[in-house]
There are 2 protein chains.
Amino acid sequence: MKSKITLKELAKLLNVSISTVSKALHDSPEISPKTAERVKELANLHNYKPNPVAVNLKKSKTGTIGVVIPNISNSFFAKVLSGMEAEAQEHNLQVITYISNESLDREKQICDLLTSGFVDGILIAVSEETQRKKDYDHLFALVDYDIPVVMYDRINIDLPADKVGVDDEQSFFEAAKYFQVKGLNKIGLATAIHHLGVGQLRIKGYGKALKEPNLPIMAAATKPTELRKKIKSLITEDKIEAIMCTDFESTIMTTRIAYEEKIKIPEDLKVIGYIGKEVSEFLTPSVSYIEQHPNEVGANTVKLLNKRLEGKAVSGEFEEKIISTSLMHLESTKF
Amino acid sequence: MKSKITLKELAKLLNVSISTVSKALHDSPEISPKTAERVKELANLHNYKPNPVAVNLKKSKTGTIGVVIPNISNSFFAKVLSGMEAEAQEHNLQVITYISNESLDREKQICDLLTSGFVDGILIAVSEETQRKKDYDHLFALVDYDIPVVMYDRINIDLPADKVGVDDEQSFFEAAKYFQVKGLNKIGLATAIHHLGVGQLRIKGYGKALKEPNLPIMAAATKPTELRKKIKSLITEDKIEAIMCTDFESTIMTTRIAYEEKIKIPEDLKVIGYIGKEVSEFLTPSVSYIEQHPNEVGANTVKLLNKRLEGKAVSGEFEEKIISTSLMHLESTKF
DNA sequence: CTGAAAGCGCTTACAG
DNA sequence: CTGAAAGCGCTTACAG
């Protein structure tokens, strides 16, 4: 790499000391306007930029934050990352990504790596496997290490850390209520993520809305073939009038099965799904969905971390921020 | 943050010099086995890890690479990033992400930031706007700055840099040939990315396969409403027998229009699209697609950069690696 | 107003 | 075999 000019070299060219150059560039009042001018001019000419590694060593920080993402192909997380990146820019933080691929082992590796001092703080959504096995030791290790941690989205772990979540329970409570108000009684639910905290919250919201004579009717399975069978049964045998899907897989599988079984959406079956706008809008028919505002989730996560990094948060006290969802109506809920 | 133990502190505890500790931990032959043992034991006890910022300052590098991503919600790029991250781990490189949101201005900002020394090398897929306006000055500035750059996916720019691309042209040539062998004559193409290099390559491949009496029949538009009208015309008026779609939008829009127009896929219309597996498999019907092996693209991009960072690449000579695609048959190409 | 010195935490050539 | 010294590039308290 073309060797960048350093303070030392600028100092030599100007026949002043390194301290003077550094102070001049920082607009220190100690420096005479004349010298400051000279220094800045030459610095500009040579396009001087302080070496961030040196600055960080001096300041005992890294200027970076680590983001642990379970699955970047999940468009929710992709958008969360985008929101984080944008917000991080505002605070001059660089975002280092670590992808756990929903694996506990990988997540542990990453957490171990993160204690090496690569980052000033950590944003994490735990992996599916972590939640299933309820193995949180590595997370507590992180916190014990006194490195600021903010959990996002998958936050139902009793960890002393800031958290940013989505109002999962409320979203499905409202969705079910919407159907009830419209006079529907047989409202089903399909889920492939009942083992995840967010899935459980969504199911809980649905359950709260359903009281006699509206009993919960659920299809829950992780294995696609299993789920398919159960959803099919809901649609064809239980003859539900509406279905709420907790995740991408169950949503798109539901539309698929309805198509195969010649059940018309929305005429015979209303559908609300957890699915991104880009896909939802193009489905046939388009599927009404819960908008989770992932950009907001990402931005708020970085904001909480930054607050802590800047020492504006009370040590030992933690914030929990919940982002409200919006129910977006497309064709699949047309009455 | 709990202050991590340093070499200095270890040295004091052991009553030896800092140099000795450092050498012992690096298995230097200069150090007696006995001392080495003592040092390592205490280091382990205190879970000593060298401060990466200090090490990097010493070695005049950052240990990080910057990845510029046009749009992380595009699942192709999301998977590329995943491949990069995995490969970077292998080489002990941290991946810093920068998302340009397909904006030229943002891309310029990022490139400017990247010359500040945050990263050792850069992986970039240029934004749509950059390609449209053919404004590449900031990219040349990067190269002139002597920071290693590897372009990926969108590589049709005459920049002296390593490149990793997808065999876009060949993919559509083969797809068209497939239809021809099956005896189809009226093969259409739909595209929302004809202004992008990769789009042009796909169209070119399609065009090469089509010779009299099979004339190209194309629907090309960036605006959704415009594209919709054109695709509809292809399907209903030109009565094409097969359609090839260059991107997610045109693919999913095509299935949507076919559904609305009651044109049956695959009976009346065969479809091949550029679309990810996760969505494709769940569409109704499922859509045959071009698999681009994004993980491979990502991994190879990092490999090329790493080769250069390690000084194993010849300065002034650049490699171009093309990843072959695979045509994946699902329901939409059933004969 | 300017500069010498110390120091962030490490590595390594050199002296003993 | 061990340690003092220099240095990576910067910042800043202190002396003059």
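Quick note on labels: first sequence line is chain A, next is B, and so on, each numbered from 1. Values reported hereafter were calculated over all heavy atoms of this structure, with side chains retained and with hydrogens, waters and symmetry mates removed.
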Testing the 3.5 Å rule here: is there a donor-acceptor pair between the side chains of [X] and [Y]?
{"X": "Glu9(A)", "Y": "Thr6(A)", "answer": "yes"}
{"X": "Thr62(B)", "Y": "Asn56(B)", "answer": "no"}
{"X": "Ser19(B)", "Y": "Ser22(B)", "answer": "no"}

Original post:
So with a 6.0 Å cut-off around NZ of Lys49(A), is the heavy-atom count from everything else above 12?
Top reply: yes
**OP:** With DNA chain C as reference, determine whether Glu30(B) or Lys8(B) sits nearer its 5' end, using the nearest nucleotide of each.
**Re:** Lys8(B)
Original post:
Relative to the 5' end of DNA chain C, which residue comes earlier, Lys23(B) or Asn51(B), by the nucleotide with the nearest heavy atom?
Top reply: Asn51(B)
Original post:
Mapping Ser19(B) and Lys59(B) to their closest nucleotides on DNA chain D, which lands nearer the 5' end?
Top reply: Ser19(B)
Subject >> 5′-ward residue of the pair Lys49(A)/Thr35(B) relative to DNA chain D >> reply: Thr35(B)
Counting the atoms with a prime plus P, OP1 and OP2 as sugar-phosphate, which does [X] contact under 4.0 Å by heavy atoms, base, sugar-phosphate, or nothing?
{"X": "Pro52(B)", "result": "nothing"}
{"X": "Val53(B)", "result": "nothing"}
{"X": "Ser32(B)", "result": "sugar-phosphate"}

Subject >> Salt bridge present between Glu85(B) and Arg106(A) (N-O < 4.0 angstrom) >> reply: yes
Subject >> Carboxylate-amine/guanidinium proximity below 4.0 Å for Glu310(A) and Lys61(A) >> reply: no
Subject >> Where chain B begins and ends its contact with DNA chain D, read 5' to 3' at 4.0 Å from heavy atoms >> reply: dC1(D) to dG9(D)
Subject >> Interatomic distance at P, dG7(D) relative to dA4(C), whole Å >> reply: 16 Å
Original post:
Mind checking who dA15(D) pairs with, Watson-Crick or G-U wobble, both distances under 3.5 Å?
Top reply: dT2(C)
